[in-house]
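Below is one structure, written out as structure tokens; the observations come after it.
Computed over heavy atoms, backbone and side chain alike; hydrogens, waters and symmetry mates excluded. Owing to the predicted nature of the structure, the values given are computational and were not obtained by experimental measurement.
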Amino acid sequence: MTQRRAASCGELRKADVGQAVLIRGWVNATRDHGGLIFVDVRDRFGVTQAVFDPRSGEEEARVAASLRSEDVVAIGGVVRARPAGTENAKLPTGDIEIAATDLSVLNRSKTPPFPIHGDGEIDESLRLRYRYLDLRRPHMQRNIILRHRAIKAVRDHLDAQGFLEIETPMLIKQTPEGARDFVVPSRLHPGAFYALPQSPQLFKQLLMVAGFHRYFQIARCFRDEDTRADRQPEFTQIDVEMAFPTQDEIIHVIESTLAHMFREALGVDIAVPFVRLTHEQAMADYGSDKPDLRFGMKLSDVSAAFAGTEFKIFSQALARGDAILAFVDPGGAARPRREFDTLAATAVELGARGLGWISFAGDGVRSSLPKAALTEEMLRLLRERTGARTGDALYVVADELRAAQTVAGKLRVHVADQRGLRDSKTFAFCWVLDFPLFERDEETGGLMPAHHPFTAPAHGDESLSGDPLALRAQHYDVVLNGMELGSGSIRIHDPAVQRKIFSVLSYSDADVEQRFGFLLEAFAHGAPPHGGMALGVDRIILLMAGGDSIREVIAFPKNQRFADPMMEAPAQLAPEVLRELHLKTDIPKRRL
RNA sequence: GGCGCUGUAGCUCAGUUGGUUAGAGCGCCUGCCUGUCACGCAGGAGGUCGUCGGUUCGAGCCCGAUCAGCGUCGCCA
């Protein structure tokens with residue numbers, strides 16, 4: 001038997017002609033010409049055509065004719081150039097083929113429930129049920145390989161920067177605030193439960209106390225909240241922490257890591273440093289703390305332009321101290337009136353009290369505002385403030401400042417979507433800095449941390465005096481194309497400051513001791529100043545891949561109800577297992 | 001938990017105003033075919049129209065309920 005080199009299905013070229021090779025993979029397609037039989041063999045590296053000719057192997061040709069999609073085969077033969085005129089320019093291996101002399105069928109496949117080659121739309125629950133087949137499809141192969149490259153780039157880069165990858169436990173203690181936890185019952189401790197980490201936050205801070213100086217982890221995190229297209233009950237973070245950092249040092253590390261990821265995984269050079277915005281500026285200009293900078297359409301405060309307006313809604317708003325904000329829809333004057341009405345309805349759905357629009361058409365100004373309410377002077381001021389030009393439309397909302405910003409920000413993104421300004425191949429990064437330290441909890445009316453309670457106050461605010469809502473934090477977010485990629489902060493390392501934060505948040509002393517006593521104790525043993533960041537891997541890969549659901553970049557995701565339709569998780573436990581765990585279930589009866 | 005959209009062949013979908021035997025493309029099966037590459041040609045099989053109930057002489061189509069999937073709001077310190 002001739003010596004054969006094992007080759008992948010993607011590597012053979014003209015230069016390999018004459019070699020005896022063995023390729024193994026899945027049958028992508030067969031073309032049976034009665035005499036000649038072509039078999040396309042696929043593996044993750046590519047597709048190679050094998051040709052069976054009954055004249056050089058009658059039995060092999062007979063078996064080849066029986067091959068079906070997704071059968072697993074090993075084919076031996078000699079690489080030869082395809083006859084002139086039959087090359088396939090669509091395949092990297094399209095200049096050659098394998099003159100097959102040997103064929104082993106390693107495994108037969110049932111007819112697949114959906115086509116494997118090609119990326120046609122298939123019902124997602126079917127894809128998840130047969131995820132191992134779905135993952136064979138080109139789109140998913142690309143995404144999973146992309147993910148590998150991106151994460152490898154993170155490891156390489158952070159390792160080169162002196163970071164150590166350290167694992168932290170998955171079985172930890174529940175912390176009552178934040179998202180709901182997934183819990184794990186303890187057999188050895190009847191009635192007690194572990195919680196799965198929502199993030200390695202406390203452990204990475206303890207690793208800084210432990211003196212590891214620079215830590216990272218590709219960390220799995222768990223949150224028992226309802227899923228969205230960009231959310232899963234378990235997800236992956238690039239978790240980073242540094243001792244003795246300045247905010248700029250952390251920002252630099254994260255920028256260089258992201259740049260390395262995009263270059264190594266995607267071949268895209270992203271510009272560093274990223275644009276920096278304060279939280280206040282982001283809200284004022286874009287109406288969002290995660291602004292999409294791929295397009296302009298900044299918000300303008302046009303309250304002054306409407307001073308003394310006869311338009312009641314606006315005059316009353318101004319009297320209340322509300323803000324009137326506007327942004328330009330470039331070319332929007334070409335819209336038919338019906339579209340403005342639809343936009344107004346959309347704005348209300350997004351939370352607006354209403355939407356005013358002004359269309360600066362070439363043949364005159366049209367508006368939803370009463371004519372009498374729009375003086376020439378007002379129009380002049382509006383155009384001056386917003387930069388609206390003839391041919392543009394202007395959208396105006398009035399509300400309490402934050403509410404007006406938020407709704408205008410959402411509408412801005414909506415209009416940009418309509419205009420096709422959100423190109424998935426453009427990557428517009430930015431930093432949002434100087435977040436508030438606390439926010440008002442809408443439900444309880446109390447204070448809650450804007451980030452988490454370990455975030456250090458801004459320089460000058462350490463005393464926590466004055467209005468808590470006016471305090472700034474050393475908290476920074478990195479944002480890409482309107483999506484928050486990650487959040488970070490300089491942490492508190494002084495136990496006294498940490499206790500003060502807990503007290504502002506109205507945690508009782510007993511509560512603090514019970515929940516965070518170990519952390520405060522650790523801080524009392526020489527905690528270095530430290531800070532870091534966590535980046536959402538799934539979202540980053542999603543944006544790299546240009547998709548719209550993180551399920552597309554996770555090998556085995558859960559569906560919207562947290563279930564895995566393939567292995568049918570979650571599932572009930574056998575009674576003896578429950579007994580061993582000291583558990584009794586109490587399942588509410590379905591209402592009829 | 002609320003709301004919206006979807007559910008018809010293995011897959012992707014069409015199905016008119018409620019009216020005879022529910023269609024197409026792909027896939028699958030059989031046969032033919034020696035240069036195809038989503039090969040081609042001929043033939044064939046394949047349906048609980050998500051489920052249950054109602055209206056009607058008659059329901060894939062109308063009504064109600066329900067289940068499932070996706071999206072969205074709540075939620076995500």
Side-chain angles (χ1 to χ4, degrees), chain A residues 28-42 47-56 61 65-66 68-70 80 82-91 93-94 97 99 110-130 133-134 137 175-181 198-199 201 221-233 235 349-351 410 435 437-444 446-455 473 475 484 487 489 501-502 505 507 515 536 548-549 551 559-561 563 565 588 590-592:
Chain A
N28 206 45
T30 60
R31 293 173 294 281
D32 181 350
H33 283 244
L36 285 183
I37 298 161
F38 299 93
V39 179
D40 291 343
V41 185
R42 182 196 73 239
V47 173
T48 295
Q49 172 171 287
V51 187
F52 291 86
D53 187 333
R55 290 174 305 191
S56 51
S66 78
R68 293 295 177 265
S69 287
E70 302 309 307
R80 74 179 171 211
R82 292 196 187 188
T86 68
E87 299 89 349
N88 184 352
K90 285 187 275 184
L91 287 180
T93 62
E97 63 193 10
K110 290 164 77 170
T111 300
F114 49 79
I116 304 301
H117 54 83
D119 281 326
E121 287 274 314
I122 307 291
D123 178 70
E124 198 177 5
S125 60
L126 192 70
R127 292 174 56 199
L128 290 180
R129 184 140 61 92
Y130 295 96
L133 296 181
D134 189 35
R137 305 203 310 153
T175 51
E177 64 285 328
R180 279 185 288 268
D181 288 302
Q198 295 185 23
S199 82
Q201 181 62 35
C221 307
F222 303 86
R223 288 180 195 177
D224 189 5
E225 300 297 337
D226 287 3
T227 44
R228 291 280 186 285
D230 62 352
R231 225 192 278 165
Q232 279 273 301
F235 59 97
E349 274 172 42
L350 294 173
K410 287 179 182 170
F435 274 77
L437 187 58
F438 300 114
E439 285 171 355
R440 179 74 65 198
D441 187 329
E442 299 292 343
E443 274 174 45
T444 66
L447 290 175
M448 59 183 205
H451 183 39
H452 55 52
F454 318 110
T455 303
H475 163 195
E484 180 195 313
S487 227
S489 62
I501 293 279
F502 286 145
L505 290 169
Y507 294 4
R515 272 146 63 173
D548 44 33
S549 161
R551 293 187 295 269
N559 69 9
Q560 198 184 37
R561 290 167 57 105
R590 286 255 167 86
R591 67 194 160 87
L592 290 174

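The separation between E349(A) atom CD and G71(B) atom C1' is 13 Å, rounded to whole Å. Residue R129(A) contributes atom CZ, which lies 13 Å from atom C1' of C11(B) at whole-angstrom precision. Spacing between atom CZ of F52(A) and atom C1' of C33(B) amounts to 19 Å, rounded to whole angstrom units. Residue Q560(A) contributes atom CD, which lies 16 Å from atom P of U6(B) at whole-angstrom precision. When rounded to the nearest whole Å, the span between NZ of K110(A) and P of C11(B) equals 13 Å. Taking atom CD1 of residue I122(A) and atom C1' of nucleotide G69(B), one finds them 15 Å apart after rounding to whole Å. Atom-to-atom, CG of D230(A) to P of C70(B) comes out at 15 Å; the value is rounded to the nearest Å. The separation between L128(A) atom CG and C70(B) atom C1' is 11 Å, rounded to whole Å.
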With both pairing distances under 3.5 angstrom for Watson-Crick or G-U wobble, and | for a partner in another strand, the correct string for RNA chain B is (((((((..((((.....[...)))).(((((.......))))).....(((((..]....))))))))))))....
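Separation of the C1' atoms belonging to U34(B) and C26(B) is 26 Å when rounded to the nearest angstrom. Separation of the P atoms belonging to C61(B) and A22(B) is 15 Å when rounded to the nearest angstrom. As rounded to the nearest Å, G50(B) and G69(B) have C1' atoms that lie 11 Å from one another. Going from the P atom of G46(B) to that of C29(B) covers 15 Å, rounded to whole Å. Nucleotides C37(B) and U20(B) have their P atoms positioned 41 Å apart, rounded to a whole Å. Nucleotides U30(B) and G23(B) have their P atoms positioned 25 Å apart, rounded to a whole Å. Between A68(B) and G58(B), the distance separating the two P atoms is 32 Å to the nearest Å. Nucleotides G60(B) and U21(B) place their P atoms 11 Å apart, quoted to the nearest Å.
Partners of F502(A) by ring pair (Phe, Tyr, Trp, His ring centres under 6.0 Å), not counting sequence neighbours, listed by chain and number: Y507(A), F516(A). Not counting sequence neighbours, the partners of D40(A) by the side-chain hydrogen bond (donor to acceptor under 3.5 Å, both in side chains) test are R31(A). Judged as a salt bridge (charged side-chain N to carboxylate O under 4.0 Å, His left out), and not counting sequence neighbours, R228(A) has no contacts. For E349(A), there are no salt bridge (charged side-chain N to carboxylate O under 4.0 Å, His left out) partners at least two apart in sequence or on another chain. F222(A) meets the ring pair (Phe, Tyr, Trp, His ring centres under 6.0 Å) test with no other residue; sequence neighbours excluded. In this structure, E439(A) has no side-chain hydrogen bond (donor to acceptor under 3.5 Å, both in side chains) partners at least two apart in sequence or on a different chain. Every residue meeting the ring pair (Phe, Tyr, Trp, His ring centres under 6.0 Å) condition with F435(A), not counting sequence neighbours, appears here in chain and number order: H279(A), H475(A). Taking the side-chain hydrogen bond (donor to acceptor under 3.5 Å, both in side chains) definition, one finds that D134(A) meets it with R127(A), R131(A), R137(A), sequence neighbours left out.
Note on R231(A) versus E225(A): no salt bridge recorded, every NZ/NE/NH1/NH2 to OD/OE distance being 4.0 Å or above.
You'll find a donor-acceptor pair under 3.5 Å spanning the side chain of R80(A) and the base of G35(B), going by distance alone.
Summarising the local packing, CG of D119(A) is surrounded by more than 12 heavy atoms from other residues, nucleotides or ligands at distances under 6.0 Å.
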T30(A) and D32(A): side chain to side chain donor-acceptor pair (under 3.5 Å), yes or no, with the steps?
CA-CA 6 Å; T30(A) 60; D32(A) 181 350; over 6 Å; no
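From E97(A), atom CD reaches atom CG of L91(A) across 12.0 Å, with rounding to the nearest 0.5 Å. Taking CG of D226(A) as the reference point, atom CD of Q560(A) lies at 7.5 Å (rounded to 0.5 Å). Here the OG atom belonging to S199(A) is positioned 5.0 Å from the CD atom belonging to Q201(A), to the nearest 0.5 angstrom.
If R68(A) and R55(A) are placed on RNA chain B by their nearest nucleotide, the residue sitting closer to the 5' end is R68(A).
Within the 4.0 angstrom heavy-atom criterion, only backbone atoms of the sugar-phosphate kind lie near N559(A); the bases stay farther away. Here R127(A) lies out of heavy-atom contact (under 4.0 Å) with every strand.
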Enumerate the protein-to-nucleotides 74-77 of chain B contacts in which both atoms are nitrogen or oxygen and the separation is below 3.5 Å.
{"from": "G74(B)", "atom 1": "N7", "to": "R228(A)", "atom 2": "NH2", "distance (Å)": "2.8"}
{"from": "G74(B)", "atom 1": "O6", "to": "D226(A)", "atom 2": "OD2", "distance (Å)": "3.3"}
{"from": "G74(B)", "atom 1": "O6", "to": "R228(A)", "atom 2": "NH1", "distance (Å)": "3.2"}
{"from": "G74(B)", "atom 1": "O6", "to": "R228(A)", "atom 2": "NH2", "distance (Å)": "3.4"}
{"from": "G74(B)", "atom 1": "N1", "to": "D226(A)", "atom 2": "OD2", "distance (Å)": "2.9"}
{"from": "C75(B)", "atom 1": "OP1", "to": "E443(A)", "atom 2": "OE2", "distance (Å)": "3.4"}
{"from": "C75(B)", "atom 1": "O2'", "to": "E225(A)", "atom 2": "OE1", "distance (Å)": "2.4"}
{"from": "C75(B)", "atom 1": "O2'", "to": "E225(A)", "atom 2": "OE2", "distance (Å)": "3.4"}
{"from": "C75(B)", "atom 1": "O2", "to": "R231(A)", "atom 2": "NH1", "distance (Å)": "3.4"}
{"from": "C75(B)", "atom 1": "N3", "to": "R231(A)", "atom 2": "NH1", "distance (Å)": "3.4"}
{"from": "C75(B)", "atom 1": "N3", "to": "R231(A)", "atom 2": "NH2", "distance (Å)": "3.3"}
{"from": "C75(B)", "atom 1": "N4", "to": "R228(A)", "atom 2": "NH2", "distance (Å)": "3.4"}
{"from": "C75(B)", "atom 1": "N4", "to": "R231(A)", "atom 2": "NH2", "distance (Å)": "3.4"}
{"from": "C76(B)", "atom 1": "O2", "to": "R231(A)", "atom 2": "NE", "distance (Å)": "3.3"}
{"from": "C76(B)", "atom 1": "O2", "to": "R231(A)", "atom 2": "NH2", "distance (Å)": "3.3"}
{"from": "C76(B)", "atom 1": "N3", "to": "R231(A)", "atom 2": "NH2", "distance (Å)": "3.3"}
{"from": "A77(B)", "atom 1": "O4'", "to": "G178(A)", "atom 2": "N", "distance (Å)": "3.3"}
{"from": "A77(B)", "atom 1": "O2'", "to": "P449(A)", "atom 2": "O", "distance (Å)": "2.6"}
{"from": "A77(B)", "atom 1": "O2'", "to": "H451(A)", "atom 2": "O", "distance (Å)": "3.1"}

Protein-nucleotides 8-10 of chain B N/O pairs closer than 3.5 Å?
{"from": "G10(B)", "atom 1": "O2'", "to": "P113(A)", "atom 2": "O", "distance (Å)": "2.8"}

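Inter-residue side-chain proximity for R82(A) and V51(A) is flagged as unmet; no heavy-atom pair is nearer than 4.5 Å.
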In B/S/- notation (B base, S sugar-phosphate only, - none; protein heavy atoms under 4.0 Å), nucleotides 36-45 of chain B written 5' to 3' is BBSB------
